[in-house]
Amino acid sequence: MKTYTLIGIILIVIGIVAFVYQGITYTTKEKVVDLGPIQVTADKTRTLPLPPIVGGIALVGGIVLLVMGNKKG
């Protein structure tokens, strides 16, 4: 498989995933109380938003690379 074709397929998959999920959610542990030997932590859920334009750019870039890979071969 050619490099352009492989990178194009990867970009198309990333673009579709970015459209579907619209962001990356992750959980961190933060100390709420720290009194010597007593520690209380809380799980905080945070979201890193992915704008739809990121998915669109990846999708279009993947299609362009896929077409370029087919024309060169």
Rounded distance (nearest 0.5 Å) linking atom CZ of Arg46 with atom OG1 of Thr28:
4.5 Å

Closest heavy-atom pair and its distance - Ala18, Gly55:
CB-CA, 3.7 Å

Ile9, Val20: one ILVMFWY side-chain cluster at the under-4.5 Å cut-off?
yes

Look at the side-chain heavy atoms of Ile, Leu, Val, Met, Phe, Trp and Tyr, link any pair under 4.5 Å apart, and say whether Val54 and Val13 land in one connected group.
no

Heavy-atom side-chain proximity of Pro49 to Gln22 below 4.5 angstrom:
no

To the nearest 0.5 Å, atom NZ of Lys31 lies from atom OG1 of Thr41 at 9.5 Å

Decide yes or no for Thr45 and Thr25: does some side-chain heavy atom of the first lie under 4.5 Å from some side-chain heavy atom of the second?
yes

Which atom pair, heavy atoms only, marks the closest approach of Ala42 to Val32?
CB-CG2, 3.5 Å

To the nearest 0.5 angstrom, please state how far the CG atom of Leu66 sits from the CG atom of Leu6.
10.5 Å

Atom of Ala58, atom of Ile14 and distance for their closest heavy-atom approach
CB-CG2, 4.4 Å

Within one Ile-Leu-Val-Met-Phe-Trp-Tyr cluster: Val17 and Ile24, side-chain cutoff 4.5 Å:
no

Working to the nearest 0.5 Å, report the span between CG of Asp34 and CD of Gln39.
4.5 Å

Just checking Leu48: does its CG atom have more than 12 heavy atoms from other residues, nucleotides or ligands closer to it than 6.0 angstrom?
yes

Within one Ile-Leu-Val-Met-Phe-Trp-Tyr cluster: Phe19 and Ile57, side-chain cutoff 4.5 Å
no

Interatomic spacing from NZ in Lys2 to CD1 in Ile7 - rounded to 0.5 Å:
13.5 Å

I need the Thr3 OG1 to Leu65 CG distance, nearest 0.5 Å.
10.5 Å

Side-chain heavy atoms nearer than 4.5 Å, only ILVMFWY residues, links allowed to pass through others: does that put Ile16 and Leu50 together?
no

